[in-house]
Number of protein chains: 2
Amino acid sequence: MSGLTSRTLRHYDDIGLLRPVRTASNGYRWYGRRELLRLQRILFLRELGVPLTQIGRILDGDRDGVAALRRHRADLVSHRDRLEEIIATVDRTIADLTGQAHLSEEEFFTGLSARRDDLRRDVEARYGAGAGEHFASADAVTGRWTREEHEQAAAQGRRLLRRLSDARSSGTAPDSAAVLDLMTEHYQGVRLLWPADAAAYHALADLVTGNPDQRAMIEEIDPLLPPWFADAIRAYAVRRLGYVPARE
Amino acid sequence: MSGLTSRTLRHYDDIGLLRPVRTASNGYRWYGRRELLRLQRILFLRELGVPLTQIGRILDGDRDGVAALRRHRADLVSHRDRLEEIIATVDRTIADLTGQAHLSEEEFFTGLSARRDDLRRDVEARYGAGAGEHFASADAVTGRWTREEHEQAAAQGRRLLRRLSDARSSGTAPDSAAVLDLMTEHYQGVRLLWPADAAAYHALADLVTGNPDQRAMIEEIDPLLPPWFADAIRAYAVRRLGYVPARE
DNA sequence: CTGGACCTTCTCGTTACGTCAACTTCTAGC
DNA sequence: GCTAGAAGTTGACGTAACGAGAAGGTCCAG
């Protein structure tokens, strides 16, 4: 009924977590309705990752199961935070091993580098000569950055891309609320450099799939990311910035 | 030298992860410089949570340790996501057990409820009669919400408060980048309801410590949160919205 | 009566060591 | 040379939550 193996039930009997209502002379364990209800509570807490011994205490003593849950929650949170750190370290290690370190000398949100002039020509070809002026605006901001600040910005950008990649590979839609929340960071990163309105930000989507350098930089983190990222940019422009796309 | 116990070294010898350079006739294990270097790599990978058997394969085969790391990273990410879900479930359970369910019928970002008129009077007393007009603006938005949407908004608000509480209790400063990122969600939640500019948002900080109902609602989630939350609001207004506080 | 399904107890294996216990070896001080 | 103490050694058991397998008993339908 519960989908548990008999072995598990025996284990719970052994450790005293769930005793059968009676054990027949042939050794068979018999469980009643009360045991089923208790089992449901056990399975629920087990789902939450609470250790069996604690489950027993919570169900038996029942005095202040909330406090126990709170402590358990604190454990979970610190465990998650630790994982977060470890993931970041693994990311840095992978980046090191695959020689992505040079990227940290470039600047992310505008995708600068030695190829900066290429990007500018591309932008002007796509959006008109006026668009190139934003480069001056960005320069006004980044010009005063130290090398360290450049690297920080690049690292932050890569972290964001990796979080987006995580979302993509777990099947999350680019217009889901969770992704749009992440895109807020991207939009603000862009806004830091030049005053992109909804339409400009929407147009930016073409760049991440169409511009070879931009695309390559993103693909280095996740080969499947660029088109999904472009969708996310467009979704953010429409859903959060109120951009109304032109009808075809 | 490494801080490991001798037991651990013996274990690594047993499983073949780190063999001594030679074992003397008296059984003593002797390690050389090469072993120390290998140990350093072992400890690093162990820090990342890689299982010892995999560490052995990575260090020995060395063929495509990056791929192994990537797989490990995927494991970590899904583990973290699972933890995230569990934490959310535990939160809901605690809320249920402590009878916080009624809160879901209120609306979070403006802190409405039966005490709505009190809040309005408080706001008008603090910021002048004009400020009360924002209530009409909020009504225009929320008036069309279904009950479900109200509950969703309330739940999202509580989730945000809990994430802020997590940050606070782990010693993170209210003006750190990570917290300001979280505050983006809050600011956008507020913006959904009325057009708060930098100054208005900055002023809002007084409300979360000064208004009894607001304060109580937040304290129910974390008794120490209100003043820290107020600091975070002010920090966000200054650092991300460009608000310039008046000098005293 | 029989085959198969289902039950039992017992034991080992899993991870990465901590913690005894019992014993040997090395080293410093007298 | 003797001795105490520090440090090394090899087992063996315990940890959490069961899975897997061995060896055997019980129940039921045909």
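For the numbers below, each heavy atom of this structure counts, side chains included, while hydrogens, waters and symmetry mates do not. Below, read A as the first sequence line, B as the second, and so on, with proteins coming before strands; counting in each chain starts at 1.
- One atom, CG of Asp13(B), and another, C1' of dG11(D), lie 15 Å apart when rounded to the nearest Å.
- Set against dT10(D), dC17(C), dA17(D), the side chain of Tyr12(B) has dC17(C) as its closest nucleotide.
- The Thr5(B) side chain lies nearest to dG18(C) when the options are dG19(D), dG18(C), dC7(C).
- Distance CG (Asp14(A)) to C1' (dA17(D)): 12 Å, rounded to an integer number of Å.
- Ile42(A) places its CD1 atom 15 Å from the C1' atom of dC18(D), with the value rounded to the nearest Å.
- Put simply, CG on Leu39(B) is 15 Å from P on dA16(C), counting in whole angstrom units.
- For Arg29(A), taking side-chain heavy atoms from C-beta onward, the closest of the listed nucleotides dT9(C), dC17(C), dG19(D) is dT9(C).
- Note: His186(B) and Tyr201(B) have tilted aromatic rings, judged against thresholds of 30 and 60 degrees for the angle between ring planes.
- Across its full length, the helix from dC1(C)-dG30(D) to dC30(C)-dG1(D) shows an angle of 30° between the axes of its 5 terminal pairs at either end, rounded to 10 degrees.
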Handout entry: Asp175(B)/Asp231(B) under side chain to side chain contact (heavy atoms under 4.5 Å, CB included): CA gap, chis, key distance, verdict
Key = CA-CA 8 Å; Asp175(B) 62 347; Asp231(B) 284 346; over 6 Å; no
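- A salt bridge does not link Asp181(A) to Arg163(A): none of the charged side-chain nitrogens sits closer than 4.0 Å to a carboxylate oxygen.
- Between Asn26(B) and Leu52(B), the residue whose closest nucleotide on DNA chain C is further toward the 5' end is Leu52(B).
- Put simply, CG on Leu45(B) is 17 Å from P on dT15(C), counting in whole angstrom units.
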Exercise for the section: Would you please test Tyr236(A) and Leu180(A) for side chain to side chain contact (heavy atoms under 4.5 Å, CB included) and show each step? Expected result: CA-CA 6 Å; Tyr236(A) 188 84; Leu180(A) 293 184; 4.1 Å; yes
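- Closest heavy-atom contact between His72(A) and Gly49(A): CE1-O, 3.3 Å.
- Minimum atom distance to the side chain of Tyr28(A) is reached by dC7(C), of the listed dT25(C), dC7(C), dC18(D).
- A sub-4.0 Å separation between OP1 or OP2 of dC6(C) and a side-chain N or O of Ser6(A) is absent.
- Atom-to-atom, CG of Leu43(A) to P of dC18(D) comes out at 9 Å; the value is rounded to the nearest Å.
- Each of dT8(C), dG19(D), dT10(D) was ranked by its minimum atom distance to the side chain of Arg10(A); first place goes to dT8(C).
- Nearest nucleotide to the Arg7(B) side chain, out of dT11(C), dC17(C), dC27(D): dC17(C).
- In this structure, CG of Leu18(A) is placed 15 Å from C1' of dA17(D), rounded to the nearest angstrom.
- Remark: the backbone N or O of Arg80(A) is not paired with any side-chain donor or acceptor of Arg80(B) at under 3.5 angstrom.
- Rounded to an integer number of Å, the gap from His11(B) NE2 to dT9(D) P is 15 Å.
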Handout entry: Verdict with reasoning, Arg73(B) to Asp166(A), per salt bridge (Lys or Arg N to Asp or Glu O under 4.0 Å)
Key = CA-CA 10 Å; Arg73(B) 190 195 115 91; Asp166(A) 291 342; 2.4 Å; yes
